[in-house]
Asks: 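Encoded as structure tokens, here's the structure I'll be asking about.
From a predicted model like this one, the values you see are computed outputs, not experimental measurements. Letters A, B, ... mirror the listed sequences (proteins, then strands); counts begin at 1.
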Amino acid sequence: MLDFLGNLERTHLCGDLRAAHAGQQVVLMGWVNRRRDHGNLIFLDLRDRSGISQIVLDKELTPDGHAKGEQVRPEYVVAAVGKVRLRSADAINPKMPTGEIEIEATQLLVLNDTRLAPFSPAEEAIQNEEVRLKYRYVDLRRAEMQRNFRLRHDITLAIRESLSRQGFLEVETPILTKSTPEGARDFLVPSRVHPGEFYALPQSPQIFKQILMISGFDRYFQIARCFRDEDLRADRQLEFTQVDLEMSFPRQEHVFAVVEDFLCAGFAAAGVTLPRPFPRITYDEAMQRFGTDKPDMRLPGLTDVRSAFTEENLAALQIDPALPIVALRIPSVGELSRKEREDNHPLFDQKKGAKFIDDFKRLAKGFPEAAAKAREMAGASDADFVVIVAGDPAHHIKASDTKFEGRLSEREINVYSAAGNFRTELAKKYAERHGAFNVTDDVVRNADPRSGKSIDGSAAFHPIWITDFPMFEYDLASGKWMPAHHPFTSPHEHDMANLVSDPASVRANCYDLAMNGLELGSGSIRIHRKDVQQQIFQSLGISDEEARQRFGFFLDALEYGTPPHGGIALGLDRIVMLLAGAPSLREVIAFPKTAKAIDLMVDAPTTVTEQQLKELHIRVALKS
RNA sequence: GGGGACGUAGCUCAGUUGGUUAGAGCGCUGCCCUGUCACGGCAGAGGUCGCGGGUUCGAGCCCCGUCGUCCCCGCCA
């Protein structure tokens with residue numbers, strides 16, 4: 001028999017009670033986390049979003065409440081009325097924040113019962129992701145998930161406040177809009193009113209925010225939902241949230257300062273101090289030092305070990321002397337057996353025209369000096385695992401040989417990136433041995449978001465700006481230069497003259513923010529002049545007609561007094577994921593989709609009725 | 001589109017070389033218990049071994065297919 005709430009009002013949250021509340025009359029409401037029945041004495045752990053308090057139901061004190069206590073089961077929703085009392089010294093539970101007190105109940109109301117869920121929110125996460133997502137409402141009751149979403153709220157709020165303080169205005173842009181030029185597949189929404197025509201969901205508010213600059217808003221931001229119809233990953237969902245911003249008359253410096261301010265504010269909200277300014281490196285430097293444009297700096301970078309080898313060495317080892325020769329080092333891995341090393345070989349990307357040497361014993365037999373010098377240059381101790389990565393003359397891949405003074409060629413980048421990818425994969429595999437990621441786990445675990453205290457995150461989180469990306473990338477398949485970014489990215493002013501003649505030499509005025517091996521965001525100074533925009537379209541092989549059809553409205557807008565402007569967008573979900581120490585975005589998104597793009601709780605997507613299709617002028621033609 | 005891992009009770013898992021009636025812990029149900037907090041004790045229920053097909057005297061185990069979840073490549077500036 002269930003009780004009505006009546007006039008009863010909750011006075012406190014379960015997790016807030018302390019010894020100081022002793023003697024106070026309280027009313028708590030929540031879920032039965034656990035029940036311990038000792039016959040004439042029953043303990044209930046009552047849980048709400050704040051935590052847990054112990055309710056004592058004594059048959060002598062409250063025969064009625066005790067009788068209800070016998071009937072309740074875990075996850076029943078109850079209200080407990082009673083007095084806070086200090087526990088006797090031997091009954092104190094030091095493991096609980098509320099362990100010094102308990103509620104001596106005078107009344108227990110059973111507000112609702114429950115079906116038995118397939119798992120208990122009182123426990124750790126179960127392994128079965130399918131069940132967790134189907135019963136997401138139960139999963140979200142778990143303390144860990146409650147913590148993640150409170151963290152997400154705190155971070156988002158701090159970011160909003162920071163941007164508002166810096167003069168940014170939050171403006172909402174349409175969800176039903178037109179295909180945007182972000183390169184991913186669009187989600188389309190059929191128009192009922194306009195047969196055969198479709199809206200697209202935004203991949204980002206890109207064009208709208210640029211137009212807001214033309215409109216004179218000067219500084220815009222939005223915590224914006226974005227949609228991309230691409231396959232999912234642990235760090236990629238179909239819909240995700242970006243901290244999106246744009247500002248007028250900026251130099252790159254200004255964008256960096258704004259981002260560093262709000263990101264530090266977000267980290268501070270999570271109880272972590274991030275030192276400023278963030279370090280910066282160019283794209284070429286990032287490739288040389290880490291073999292990737294999103295370096296994880298918690299591990300040693302790549303070392304140029306060319307000088308460890310003589311020309312004869314290189315010839316004997318069949319290494320291309322014209323390409324980089326680098327060593328990657330994973331600390332404290334210990335000596336690997338031949339089988340262990342061979343198991344690692346699939347982790348090396350064969351398609352980059354590079355080869356590797358991971359058998360130092362063998363190398364030392366043939367080339368003792370080179371082997372010793374290479375290890376020494378890489379700063380390797382005996383326990384460190386070192387791999388040499390170099391160009392393979394036997395597997396010369398198709399790539400551009402175009403080489404500009406002071407810039408990396410495509411081939412060089414390929415060798416670096418083969419080394420960088422191998423480094424990342426090995427680092428993941430041997431994480432337990434080198435322990436370089438533990439510092440991040442420790443900081444995340446010890447951070448106390450709402451305490452007002454902040455712990456030093458400088459060793460745990462490594463933000464880094466990557467600048468001076470190439471404007472174009474050589475596409476092996478088509479043999480053409482393709483845009484590396486969306487077509488509104490401004491080239492460097494002094495590279496502008498080479499746009500058509502030497503596309504490979506042109507650097508883009510864009511930048512990425514990376515942290516711990518994750519791309520957090522990406523932005524650029526935009527093109528604000530119609531003549532430059534036309535040149536870019538031309539060099540990208542986009543015809544006037546196509547440009548007009550896809551973004552004619554935007555080209556028009558550009559002609560009406562467009563200020564120089566630029567901005568950036570950071571993945572909010574990823575920021576929260578890092579600070580929650582979560583292995584997947586699903587842990588920080590309330591209702592995420594599976595790797596096959598299914599929402600298991602609501603069961604979406606589904607077919608729709610013929611009537612709905614008819615109204616939308618849609619006919620479905622499935623491949624048989 | 002491709003590669004890999006997993007799928008046995010509600011959950012976490014074990015299951016030997018293919019061999020009788022498929023096990024454990026937790027959870028669940030009932031009874032007992034006034035100081036537990038992962039309470040304890042006694043008793044009990046609970047299985048289409050993801051699904052379909054095949055091999056075999058015999059399949060949880062072998063083979064083929066399929067479905068689902070996860071991870072990765074492609075894709076996502």
Asks: I want to verify a distance call: between B:G10, B:C39, B:C75, whose nearest atom is closest to the A:R34 side chain?
Replies: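 Between B:G10, B:C39, B:C75, the one nearest the side chain of A:R34 would be B:C39.
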Asks: Could you measure between the two C1' atoms, the one in B:G40 and the one in B:U34, and give it in whole Å?
Replies: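 Going atom to atom, C1' in each nucleotide, I get 13 Å.
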Asks: Would you please say whether a donor-acceptor pair under 3.5 Å links the side chains of A:Y220 and A:D244?
Replies: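 Judged by distance alone, the side chains do pair up.
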Asks: Considering only the P atoms, how many Å lie between B:U56 and B:G74, rounded to the nearest integer?
Replies: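 Going atom to atom, P in each nucleotide, I get 45 Å.
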Asks: Considering every strand and a 4.0 Å limit on heavy-atom distances, what is the contact class for A:K59: base, sugar-phosphate, or nothing?
Replies: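 It contacts nothing in the nucleic acid.
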Asks: Would you measure the distance from the P atom in B:G46 across to the matching atom in B:C13 and give it in whole Å?
Replies: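 It comes out at 25 Å once rounded to the nearest Å.
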Asks: Mind calculating the distance between CZ (A:R233) and P (B:G4) to the nearest angstrom?
Replies: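 So the two atoms are 16 Å apart, to the nearest Å.
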Asks: Do the charged groups of A:D139 and A:R141 touch, with an N to O distance under 4.0 Å?
Replies: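 So A:D139 does not pair with A:R141 through a salt bridge.
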Asks: I need a per-nucleotide contact map over nucleotides 23-29 of chain B, read 5' to 3'. Cutoff is protein heavy atoms under 4.0 Å; write B for the base, S for backbone only, - otherwise.
Replies: -----SS
Asks: For B:G27 and B:U21, measure between their P atoms and round to the nearest Å.
Replies: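 Each nucleotide's P atom is 31 Å from the other's.
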Asks: Taking side chain as C-beta onward, heavy atoms only, is A:E285 less than 4.5 Å from A:R280?
Replies: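 Heavy-atom side-chain distance check fails, nothing below 4.5 Å.
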Asks: Is it true that A:T62 and A:D64 share a donor-acceptor pair across their side chains at a distance under 3.5 Å?
Replies: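 There is no such pair between these side chains.
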Asks: Which nucleotide, B:U34, B:C71, B:U36, lies nearest any side-chain atom of A:L41?
Replies: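 For the A:L41 side chain, the nearest candidate turns out to be B:U34.
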Asks: Are A:R36 and B:C39 close enough that a side-chain N or O sits under 4.0 Å from OP1 or OP2?
Replies: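 Answer yes for this pair, as a side-chain N or O of A:R36 is under 4.0 Å from OP1 or OP2.
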Asks: Rounding to a whole Å, what distance do you find between A:K429:NZ and B:G4:P?
Replies: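 To the nearest whole Å, that distance equals 16 Å.
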Asks: Answer yes or no for this row: A:H38 ring on B:C39 base, centroids under 5.5 Å, planes under 30°.
Replies: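 Yes; by the centre-distance and plane-angle rule, A:H38 counts as stacking on B:C39.
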Asks: Below 4.0 angstrom from OP1 or OP2 of B:C67, is there any side-chain N or O of A:K596?
Replies: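 Negative; the distance criterion is not met.
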Asks: Can you check the distance between B:U55 and B:C61, where both ends of the measurement are the C1' atom (answer in whole Å)?
Replies: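 Comparing C1' positions in B:U55 and B:C61 gives a spacing of 14 Å.
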Asks: Determine the interatomic distance between C1' on B:G1 and the same-named atom on B:G60; round to the nearest Å.
Replies: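 Those two atoms are separated by 33 Å.
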Asks: Can you find an N or O donor on one side and an acceptor on the other, under 3.5 Å apart, linking the side chain of A:R185 with the base of B:G74?
Replies: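 For A:R185, whose side chain was compared with the base of B:G74, there is no donor-acceptor pair (under 3.5 Å).
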Asks: Distance check needed: B:G10 C1' versus A:K134 NZ, whole Å only.
Replies: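 Result: 12 Å.
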Asks: With a non-hydrogen cut-off below 4.0 angstrom, is A:E102 in contact with a base, only sugar-phosphate, or nothing?
Replies: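 Base contact - A:E102 has a heavy atom under 4.0 Å of at least one base atom.
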Asks: Can you tell me how far C1' of B:G3 sits from CD of A:E425, to the nearest Å?
Replies: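 Answer to the nearest Å: 13 Å.
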Asks: Is A:E239 reaching over with its side chain to a backbone N or O of A:R228, donor-acceptor style, under 3.5 angstrom?
Replies: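 Side chain of A:E239 to backbone of A:R228: no pair is present.
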Asks: Could you work out which one of B:C70, B:C76, B:C37 sits closest to the side chain of A:R228?
Replies: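 For the A:R228 side chain, the nearest candidate turns out to be B:C76.
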Asks: Who does B:G40 pair with, Watson-Crick or G-U, both distances under 3.5 Å?
Replies: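 B:C32 - that is the nucleotide pairing with B:G40, both distances being under 3.5 Å.
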Asks: Once hydrogens and angles are ignored, does a donor-acceptor distance under 3.5 Å link the base of B:C37 to the side chain of A:R87?
Replies: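 Yes, the side chain and the base share a sub-3.5 Å donor-acceptor pair.
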Asks: Is a donor-acceptor pair below 3.5 Å formed from side chain A:N128 to base B:G7, judging by atom type as modelled?
Replies: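 Such a pair does not exist between side chain and base.
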Asks: At 4.0 Å (heavy atoms only), tell me whether A:R35 reaches a base, stays on the sugar-phosphate, or touches nothing.
Replies: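 Since no nucleic acid heavy atom lies under 4.0 Å of A:R35, the category is nothing.
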Asks: What is the nucleic acid contact for A:A91, judged by heavy atoms within less than 4.0 Å: base, sugar-phosphate only, or nothing?
Replies: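 If one applies the 4.0 Å heavy-atom cut-off, A:A91 turns out to touch a base.
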Asks: Return the pairing partner of B:C6 with a 3.5 Å limit on both distances, Watson-Crick or G-U wobble; otherwise return none.
Replies: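 Paired with B:C6, as far as the under-3.5 Å criterion goes, is B:G68.
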Asks: Using a 4.0 Å heavy-atom cut-off, does A:D58 contact any base of the nucleic acid, only the sugar-phosphate backbone, or nothing at all?
Replies: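 A:D58: base contact, heavy atoms under 4.0 Å.
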Asks: Would you say a side-chain N or O of A:N93 is under 4.0 Å from OP1 or OP2 of B:C37?
Replies: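 For B:C37, neither OP1 nor OP2 has a side-chain N or O of A:N93 closer than 4.0 Å.
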Asks: For A:Q206 and A:Q210, test the side chains for any donor-to-acceptor distance below 3.5 angstrom and give the result as yes or no.
Replies: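 Indeed, the side chains of A:Q206 and A:Q210 share at least one donor-acceptor pair under 3.5 Å.
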Asks: Please measure how far the P atom in B:U16 lies from the corresponding atom in B:C62, and state the result in whole Å.
Replies: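 9 Å, rounded to whole Å.
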Asks: Using a heavy-atom cut-off of 4.0 Å across all strands, would you classify A:Q127 as base, sugar-phosphate, or nothing?
Replies: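 Sugar-phosphate contact only.
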Asks: With both distances kept under 3.5 Å, what pairs with B:U56, Watson-Crick or G-U wobble?
Replies: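 Its partner: none found.
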Asks: Which nucleotide wins on minimum distance to the side chain of A:V131, given the candidates B:A38, B:C11, B:C70?
Replies: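 Looking only at side-chain atoms, A:V131 lies closest to B:C11.
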Asks: Under a 4.0 Å threshold between the charged nitrogen and the carboxylate oxygen, would A:K429 count as salt-bridged to A:E425?
Replies: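 No.
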Asks: Hey, is the main chain of A:I466 close enough, under 3.5 Å, to the side chain of A:Y283 for a donor-acceptor pair?
Replies: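 Absent.
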Asks: Is a salt bridge present between A:E144 and A:R142, judged by a nitrogen-to-oxygen distance below 4.0 Å?
Replies: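 Counted as a salt bridge, because a side-chain N and a carboxylate O are separated by less than 4.0 Å.
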Asks: On RNA chain B, nearest-nucleotide positions of A:I92 versus A:F119: which is more 5'?
Replies: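 Its nearest nucleotide being more 5', the pick is A:F119.
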Asks: Sort me out a list of protein N/O and nucleotides 41-43 of chain B N/O pairs below 3.5 Å, or just none if empty.
Replies:
none

Asks: Under 4.0 Å, heavy atoms only, any strand: does A:R85 hit a base, just the sugar-phosphate, or nothing?
Replies: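 Since a base atom lies under 4.0 Å of A:R85, the category is base.
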Asks: Would you say A:D16 and A:H21 are linked by a side-chain donor-acceptor pair, where the criterion is simply a distance under 3.5 Å?
Replies: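 Short answer, no.
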Asks: Taking CD from A:E124 and P from B:C13, how many angstroms apart are they, rounded to a whole number?
Replies: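 Nearest whole value for this atom pair: 14 Å.
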Asks: Using both distances under 3.5 Å as the test, list the Watson-Crick or G-U wobble partner of B:G47, or none.
Replies: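 WC or wobble partner does not exist here.
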Asks: Between A:L133 and A:D512, which is nearer to the 5' end of RNA chain B once each is assigned its nearest nucleotide?
Replies: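 Between the two, 5'-proximity favours A:L133.
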Asks: Please determine whether a side-chain nitrogen of the Lys or Arg among A:R85 and A:E100 lies less than 4.0 Å from a carboxylate oxygen of the Asp or Glu.
Replies: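 Between A:E100 and A:R85 there is no salt bridge, as every charged N stays at least 4.0 Å from the carboxylate O atoms.
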Asks: Between A:S204 and A:Q242, is there a side-chain donor-acceptor contact under 3.5 Å, judged purely by atom types and distance?
Replies: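 No, because no side-chain N or O of A:Q242 sits under 3.5 Å from a partner of the opposite role on A:S204.
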Asks: For B:A24, what is the paired nucleotide under Watson-Crick or G-U wobble rules, both distances under 3.5 Å?
Replies: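 For B:A24, the partner nucleotide comes out as B:U12, under the 3.5 Å rule.
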Asks: Write down the distance separating the C1' atoms in B:G2 and B:C75, rounded off to the nearest Å.
Replies: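 One C1' to the other, the span is 12 Å.
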Asks: Rounded to the Å, how far apart are A:F43 CZ and B:C37 C1'?
Replies: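 Atom CZ in A:F43 sits about 8 Å away from atom C1' in B:C37.
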Asks: Can you check the A:E104 CD to B:U36 P distance for me, whole Å?
Replies: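 Rounded to the whole Å, the gap is 18 Å.
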Asks: Below 4.0 angstrom, N of the basic side chain to O of the carboxylate: do A:R87 and A:E104 qualify?
Replies: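 Here A:R87 does not pair with A:E104 in a salt bridge, since their nearest N and O are not under 4.0 Å apart.
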Asks: Step through it carefully: locate the ring centre of A:F537, locate the ring centre of A:F551, and say whether they are under 6.0 Å apart.
Replies: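 Yes.
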Asks: Does A:R236 contact B:C76 through a side-chain donor or acceptor facing the base, at a distance under 3.5 Å?
Replies: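 Flag set: donor-acceptor pair detected.
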Asks: Classify the nucleic acid contact of A:D37 as base, sugar-phosphate or nothing, counting any heavy atom under 4.0 Å across all strands shown.
Replies: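 The residue A:D37 makes base contact.
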Asks: Give the rounded distance in Å between these two atoms: CD1 of A:I101 and P of B:C37.
Replies: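 The distance from CD1 of A:I101 to P of B:C37 comes to 17 Å, rounded to the nearest Å.
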